[in-house]
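Here is the structure we will look at, set down as structure tokens.
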Amino acid sequence: MKELEVIEINNASYVVLKEIAHNDTSFLYLSNVNDEEDTMIRKTEGDMIVPLASEEEFEIACNLLVKQGLI
Amino acid sequence: MEYVYEKPADEKLYEEMRRKSLQGEPVKRPRKRIRINKKVVARNFAILMTIITLTASVGQLSSSMREKIRENALYNQYFEDYMDEVFHQATHHVDGTVNDFYLDYEMLGNYIDNADDKDLAISLTQRAIESKNLTDDEDQMDRVLAETDLGVDSYDQYLSQKEEYAGYQDKDKFVEDTKKKTNEQASKSDTDQMLEKDEETKVESGGKNL
């Protein structure tokens, strides 16, 4: 068993599969506990979790995860 | 306990993820944690990585590079953790003593057999074995791969050897006895062949006399 952080979004539970710090924020890579194909990326703003601001930010978040995969 | 890798993702899942990532309301971070089965986490992470590699800029990479990224991410983030459990079971007897001579190839074979993506499963198993220094012997690796095709001769050989080894506490003694037995069998087989030849010669010469 593995312990993961869980976040409620739109009445569904998402686990944080990965968190990557970037500049003054962190990107959270989320997966629905009950539907493995339901995934999304969010970012932190202090104590809050917010949607990504733009397509560019989405690309950055994807590339950061991919870069980690190359290491 | 088998790890079953499922191939998900198409462009639709990617579009859905992109849309959801850009929409919605801010929520307070609750810092709540739950416990999840490791194989479920590994599978979900593999799905996430597969979807991510469909990102436009990443998508320009070759398919083999995308596969490498997914495999690396999966291994580094979760699979290594999961394989620790697999190998713990594969190298320990039921009574808890370490079986350092044989890995449980039946178990590894089952795991690979049950994986939808066999190439990935073989590659990750090979990598885990190498990284854990469980073998420096190419023969052992060949045997793991042989287990992916259950029913081959080496599988039967493995099972009989495993049964014999179960009675030994001392690895060196097992190796010594096995060598001795093999030599005896080889020598017996030579003697049998010689006797058979001798019999044939007798029959042949008898026939001539008749």
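- A salt bridge is defined here as a Lys NZ or Arg NE, NH1 or NH2 lying under 4.0 Å from an Asp or Glu carboxylate O, and A/E19 with B/R29 meets this definition.
- Taking 4.5 Å as the heavy-atom cut-off, the residues of residues 20-30 of chain A that approach chain B are A/L28, A/Y29, ordered by number.
- Heavy-atom distances place both the backbone and the side chain of A/D47 under 4.5 Å from chain B.
- Scanning both residues, B/G24 and A/P51, for their nearest heavy atoms gives O-CG, 3.1 Å.
- B/N44 and A/S31 get closest at one heavy-atom pair: ND2-OG, 3.2 Å.
- The side-chain hydrogen bond (donor to acceptor under 3.5 Å, both in side chains) search around A/T44 returns none, not counting sequence neighbours.
- Contact annotation for A/E55: both backbone and side-chain heavy atoms come within less than 4.5 Å of a heavy atom of chain B.
- Considering every non-hydrogen atom in both B/M17 and A/M40, the closest pair reads CG-CA, 3.7 Å.
- Within the structure, salt bridge (Lys or Arg N to Asp or Glu O under 4.0 Å) contacts touching residues 26-35 of chain A (residues at least two apart or in different chains) do not occur.
- The shortest non-hydrogen separation linking B/K20 to A/D38 is NZ-OD1, 2.8 Å.
- Taking all atoms of both residues into account, the shortest heavy-atom contact from A/I7 to B/P30 is CG1-CD, 4.1 Å.
- Side-chain contact check for B/I36 versus A/V6: every heavy-atom pair is 4.5 Å or farther apart.
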Between A/E5 and B/K32, is the side-chain contact (heavy atoms from CB on, under 4.5 Å) condition met? List the steps. CA-CA 6 Å; A/E5 188 178 349; B/K32 212 169 82 186; 6.0 Å; no

Could you please spell out the steps behind the side-chain contact (heavy atoms from CB on, under 4.5 Å) verdict for B/L13 and A/T39? CA-CA 8 Å; B/L13 289 179; A/T39 57; over 6 Å; no

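- Of the listed residues B/Q23, B/E16, B/R19, the one with more heavy-atom pairs under 4.5 angstrom with chain A than any other is B/Q23.
- The closest side-chain heavy-atom distance from B/V41 to A/V15 is not below 4.5 Å.
- Considering A/M48, A/R42, A/E45 as possible partners of B/P26, the one that fulfils the side-chain contact (heavy atoms from CB on, under 4.5 Å) test is A/M48.
- Residues passing the side-chain hydrogen bond (donor to acceptor under 3.5 Å, both in side chains) test with B/E25, sequence neighbours excluded: none.
- Between B/L22 and A/L52, the closest heavy-atom pair is CD2-O, 3.6 Å.
- How far CG of A/L65 is from CD1 of B/I52: 5.0 Å, rounded to the nearest 0.5 Å.
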